[in-house]
Amino acid sequence: MGVILSSSSRRRAKRNKLIAVGAAALLVFGGLGTALALGVGRPAVPEVSSKVAEYYAQNSAVPTPTKDTRPLAVFIGDSYTQGVGASAAPNKWVEVLAAKSNLAYVNLGKGGTGYVSTSGPSGCGLSFCPAYKEMVQQGLAEKDATYFVVSGGQNDFDDFKKDPAAVTAAVEDVYQTIRAGLPTVKIVAVGPSTPWGVDPLVLGLDKAVQDAAAKVGATYVSMIDPPAFNANMIAKDKAHVTDAGHAAIAERVATALR
C-alpha cells in the first residue's frame, strides 16, 4: 500500500522536481556555452593555401610610382606640331622625335596658331586656341623641362606681310618669355616651313625667328635651308605633310638635341 502524502507535501515535492530540472538545464546550457567559447564543436578553419598566401604577400603592398628619368621636352607649335597629316599618333613628328631621342614630352601644339595667330574649331578643334605667347605660359609650368621647342610660323605669313615689325616683336617676345621663365632650359627655335615654296615672305619670317633665337641663346633649326620636304611628302590637302614629312621634321629637329 503506497504512502499517502498531504497536499503540502505534494507541493513541496513538485517544487523540488522543478528545481532539479532547472539545475540540470543550467548545467547543459552552461556547458554548451563554455564549449562554444572554447571553440569546442566548431568546424576547424581551413588553412590558407601557400599559393594564396604568396599572392597576397606580393600584391597587398601599394606600389611606389617610379619617377620618369627621361629628359622632358615642351613643344609649342601649330597643326604640324599637333600632328595633322600623320596617319596615326606614333607617326606625328613630336612622337617620332620623343621615341628617337628617349624624351618625355608635353605637346601644346594647336592647329591654326602662330606667333600672332589664334585659332578656333576649324583649326585646333577647340572653341578658341591662343597664340604662342599664351601657350608658352602653360609650358613654363614644366619647371623640370630640359628642352623647350617652338615650331611653326606659317600661319603668320599674312600678318607678317601686313606688319612685319609687329610680328617680329611677337616672335622676340615668345623667346624672351621662355628664357626669363626657365633660365637654364635649352630652347630650340624651329623656323617656319612651307609646302608652297620659299619666297621673300617666308625668308623674312624665318630670319625673324633666327634673330630672336640668337638673342636668348636658343638653337635655331631651319626647315627651308635645305628644304626639309620634297613634293612626295605633301599631303592631299596641299597644306600639311604625310608620315614621311613628319619623319623629316623629327630628324631635322633631332639634330638640335644631340
Side-chain angles (χ1 to χ4, degrees), residues 73-103 105-117 119-126 129 131-132 135 147-161 167 171 187-210 212-213 218-258:
V74 176
F75 293 88
I76 304 290
D78 51 24
S79 55
Y80 282 43
T81 304
Q82 189 174 357
V84 175
S87 61
N91 299 324
K92 299 176 181 180
W93 76 262
V94 169
E95 297 205 25
V96 173
L97 175 63
K100 180 189 293 288
S101 303
N102 193 32
L103 300 175
Y105 68 92
V106 175
N107 188 353
L108 298 175
K110 296 289 184 289
T113 63
Y115 290 98
V116 296
S117 297
S119 187
S122 62
C124 66
L126 301 174
C129 290
Y132 285 2
M135 298 308 299
Y147 304 104
F148 206 116
V149 183
V150 182
S151 176
Q154 45 265 49
N155 292 315
D156 299 311
F157 286 151
D158 289 343
D159 291 287
F160 189 78
K161 183 177 182 179
V167 175
V171 172
I187 303 173
V188 178
V190 183
S193 60
T194 172
W196 309 297
V198 177
D199 58 19
L201 187 64
V202 176
L203 291 171
L205 183 53
D206 184 73
K207 187 174 189 308
V209 173
Q210 185 174 5
T219 300
Y220 162 75
V221 178
S222 176
M223 297 298 292
I224 59 175
D225 185 22
F229 312 132
N230 60 48
N232 295 327
M233 297 177 182
I234 308 304
K236 292 180 180 180
D237 64 3
K238 305 300 181 184
H240 297 95
V241 293
T242 62
D243 289 349
H246 278 275
I249 299 172
E251 181 59 36
R252 185 70 58 94
V253 177
T255 61
L257 307 183
R258 294 171 184 152

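Note that the numbering runs from 1 along the sequence shown for the chain.
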Between CG on residue D199 and NZ on residue K161, distance to nearest 0.5 Å
9.0 Å
Return the CG to OG1 distance between L108 and T113, rounded to the nearest 0.5 Å.
10.0 Å
Is it true that a side-chain atom of S101 and a backbone atom of A98 form a donor plus acceptor pair closer than 3.5 Å?
no
Do you know the tightest heavy-atom contact between C124 and S119?
N-OG, 3.4 Å
Could you report the tightest heavy-atom contact between K110 and C129, atom names first, then the distance?
CD-SG, 3.8 Å
Indicate yes or no for a side-chain donor-acceptor contact from R252 to the backbone of S222 under 3.5 Å, with no hydrogens or angles considered.
yes
So do the side chains of Y147 and V74 get within less than 4.5 Å of each other, counting heavy atoms only?
no
Here the pair of heavy atoms bringing N155 nearest to G112 is ND2-C, 3.3 Å
Scanning both residues in full, the closest heavy-atom pair of K100 with A254 reads CD-CB, 4.0 Å
Please round to the nearest 0.5 Å and tell me the distance separating atom OG1 of T242 and atom NZ of K236.
11.0 Å
In this structure, CG of D225 is separated from CG of D206 (nearest 0.5 Å) by 8.5 Å
With the side chain counted from C-beta on, respond yes when V171 and Y132 share a heavy-atom pair under 4.5 Å apart, and no when they do not.
no
Residues at least two apart in sequence or cross-chain that pass side-chain contact (heavy atoms from CB on, under 4.5 Å) with T81, listed by chain then number, are F75, D78, W93, V94, N107, S151
Is there a side-chain contact between Y80 and I249 in this structure, where contact means two heavy atoms from C-beta onward sitting under 4.5 Å apart?
yes
Residues H240 and S79: closest non-hydrogen pair is NE2-OG, 2.9 Å
Counting distance only, does the side-chain N/O of D156 pair as donor-acceptor with the main-chain N or O of S117 below 3.5 Å?
yes
Closest non-hydrogen atom pair between A256 and T219, with its separation:
CB-CG2, 3.7 Å
Output side-chain donor-acceptor pairs under 3.5 Å for residues 187-196, partner residues at least two apart or in another chain, one line each.
unit_1, atom_1, unit_2, atom_2, d
S193, OG, Q154, NE2, 3.2
T194, OG1, W196, N, 3.0
W196, NE1, K238, O, 3.1

Could you walk me through whether F148 and I76 satisfy the side chain to side chain contact (heavy atoms under 4.5 Å, CB included) test, starting with their C-alpha distance in whole Å, then the side-chain angles of each, then the deciding distance to 0.1 Å, before giving a yes or no?
CA-CA 8 Å; F148 206 116; I76 304 290; 3.5 Å; yes
Does one side chain, of D243 or H246, offer a donor that lies under 3.5 Å from an acceptor on the other?
no
Minimum side-chain heavy-atom gap Y115-V150 below 4.5 Å:
yes
